[in-house]
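Structure record follows, encoded as structure tokens.
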Amino acid sequence: MMSTTFFMPAVNVMGAGCLQEAVQTIRGHGFRKALIVTDHVLSKLGVAARIQSLLAAQSIQSVVFDGTQPNPTVGNVRAGLAQLKQHQCDFVISLGGGSPHDCAKGIALCATNGGEIADYEGVDRSAKPQLPLVAINTTAGTASEMTRFCIITDEVRHIKMAIVDRNVTPIMSVNDPELMLAKPKGLTAATGMDALTHAVEAYVSTAATPITDACALKAVELISRNLRTAVAHGDNLPAREQMAYAQFLAGMAFNNASLGYVHAMAHQLGGFYDLPHGVCNALLLPHVEAFNVQTSAARLTDVARAMGVVVEGMDAATGAQACLAAIRRLSVDIGIPASLSELGVKEKDIPLLATNALQDACGLTNPRKASQADIEGIFRGAMTAPTPADAGQSYGKAALETVAA
């Protein structure tokens with residue numbers, strides 16, 4: 001039996017209205033000055049100013065870096081680090097979704113380890129803990145507020161670098177669903193499908209354990225019950241709160257079991273075309289899992305059950321078919337685009353995208369090993385939309401053929 005290590009922040013503050021409690025906890029650490037890493041939208045909406053006010057009430061000074069792009073870049077990290085040094089900040093607060101969290105991780109890691117964030121691409125490349133980071137989450141999806149994953153776009157190479165490092169784990173995460181109310185439908189849908197992808201990939205991962213399995217399946221169940229409501233009714237606090245718990249559970253799962261080819265491939269689409277990560281994951285998820293059926297039909301049947309599908313009496317192949325159909329139905333119901341071609345992905349770019357995907361650290365724990373031709377084939381399969389009438393059936397056939405092979 002291989003030994004495992006379980007990673008997550010030491011303190012995780014959760015629930016409606018928990019922000020005030022979190023700020024008081026921050027004061028207990030004795031920090032003096034924060035760099036608040038966020039984006040232009042949250043800055044313009046006054047959310048960053050609200051955090052500054054709460055900090056000031058606890059005698060903590062702060063400055064705001066709001067230059068984080070939707071897919072944060074090496075340049076964003078560099079600019080934020082310069083501001084941190086200029087103002088002599090002794091800790092970092094990330095405010096937002098995955099992009100500000102990842103940018104803040106890059107800043108905090110380089111602040112103590114030196115060099116450029118590209119130096120730390122791969123697994124556990126840093127020597128020292130990062131500057132203390134408190135991650136305040138405003139979306140239910142990426143779980144970056146509590147993971148050791150940091151995804152930064154290299155704007156020169158047009159790829160997303162996966163930095164998987166125990167030293168980028170925040171010291172504290174904050175999930176107050178009141179900060180998630182009234183988020184746009186498209187963002188809610190994309191981040192929710194990102195969370196579902198985390199859970200599914202962690203559940204079929206070669207590094208899965210009973211702990212990550214329990215987290216992954218509960219996350220799938222909560223997402224299936226609450227994501228449609230959160231998308232349709234953005235002011236529904238109970239649905240937002242359940243999605244906050246769901247994405248956190250999915251984060252616990254993939255932070256320790258890692259991911260698979262969905263993320264390895266989605267990172268390339270994000271880096272090459274600057275596309276939204278959650279949408280790329282949602283589109284690729286049923287295609288990659290159809291490829292994985294050969295090794296993971298029984299586990300995909302478990303996922304189908306967690307999604308509310310009645311799988312009793314089904315064999316593993318049929319259960320896997322039901323899982324793929326349920327994933328597709330959820331995507332359709334919340335308005336996810338149906339094909340990569342709709343997002344502007346070009347057929348001619350697929351060989352390069354596949355080559356880079358096979359170099360991404362997230363693919364290491366995919367349950368079935370893929371060749372260059374396999375990855376290209378998955379990309380091509382996702383270029384066109386299945387017809388609404390037979391979306392489920394077509395995935396079922398693919399699953400059954402894979403099992404038979």
Side-chain angles (χ1 to χ4, degrees), residues 97 139-143 177 180-201 203 216-247 249-250 262 266 269 275-290 300-311 314 318-343 381-396 398-399:
T139 64
T142 70
M180 302 172 189
L181 294 173
K183 286 289 184 291
K185 288 186 177 186
L187 178 66
T188 303
T191 52
M193 289 304 291
D194 189 21
L196 181 69
T197 306
H198 292 155
V200 175
E201 288 215 285
Y203 192 66
L217 289 179
K218 188 62 179 179
V220 170
E221 178 191 321
L222 291 175
I223 293 163
S224 300
R225 288 181 180 174
N226 294 282
L227 180 55
R228 290 175 177 88
T229 304
V231 171
H233 307 286
D235 59 350
N236 186 307
L237 187 59
R240 292 288 190 185
E241 185 155 25
Q242 292 304 301
M243 282 302 301
Y245 279 111
Q247 67 89 36
L249 283 163
V262 180
L269 296 171
L275 292 171
H277 176 65
V279 173
C280 295
N281 275 341
L283 271 166
L284 290 167
L285 180 60
H287 294 275
V288 171
E289 298 318 322
L300 291 170
T301 302
D302 294 340
V303 172
R305 184 183 295 108
M307 293 187 79
V309 178
V310 178
V311 296
M314 291 184 185
T318 311
Q321 167 187 343
C323 174
L324 300 170
I327 291 168
R328 174 65 71 188
R329 271 197 307 277
L330 178 56
S331 284
V332 169
D333 288 351
I334 61 175
I336 296 289
S339 68
L340 292 181
S341 56
E342 286 179 49
L343 302 180
M383 287 293 286
T384 54
T387 60
D390 67 1
Q393 289 89 325
S394 65
Y395 281 114

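The figures that follow rest on heavy atoms only: side chains count, while hydrogens, waters and symmetry mates do not. The residues of the chain are indexed from 1 along the displayed sequence.
For Arg228, the CZ atom is densely surrounded, since the number of other residues' heavy atoms within 6.0 Å is greater than 12.
Rounded to the nearest 0.5 Å, atoms CG (Leu283) and CG (Leu343) are 5.5 Å apart.
Listed here is the closest heavy atom pair of Val311 and Ala304: CG1-CB, 3.8 Å. Nearest heavy-atom pair across Ala246 and Ile223 is CB-CG1, 3.6 Å. Scanning all heavy atoms of the two residues, the minimum distance from Cys323 to Met307 falls at O-SD, 4.5 Å. Nearest heavy-atom pair across Leu284 and Ala382 is CD2-CB, 4.1 Å. Taking all atoms of both residues into account, the shortest heavy-atom contact from Glu289 to Leu300 is O-CD1, 3.6 Å.
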Item to complete: Apply the test side chain to side chain contact (heavy atoms under 4.5 Å, CB included) to residues Met193 and Leu330: give CA-CA distance (whole Å), side-chain angles for both, the deciding distance (0.1 Å), then the verdict.
Response: CA-CA 9 Å; Met193 289 304 291; Leu330 178 56; 3.9 Å; yes
Discussion item. As a quick check of understanding, evaluate side chain to side chain contact (heavy atoms under 4.5 Å, CB included) for Val332 and Ile336, giving each step before the final call.
Written reply: CA-CA 6 Å; Val332 169; Ile336 296 289; over 6 Å; no
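With Ser341 contributing its side chain and Met383 its backbone, the two residues share a donor-acceptor pair below 3.5 Å. In terms of modelled atom types and a separation under 3.5 Å, the side chain of Thr188 and the main chain of Pro184 share a donor-acceptor contact. A donor-acceptor pair is defined here as one N or O able to donate and one able to accept, closer than 3.5 Å; such a pair exists between the side chain of Gln247 and the backbone of Ala143. Using a distance-only test at 3.5 Å, with no hydrogens or angles considered, a donor-acceptor pair links the side chain of Arg240 to the main chain of Gly234. Using a distance-only test at 3.5 Å, with no hydrogens or angles considered, no donor-acceptor pair links the side chain of Asp194 to the main chain of Ala190.
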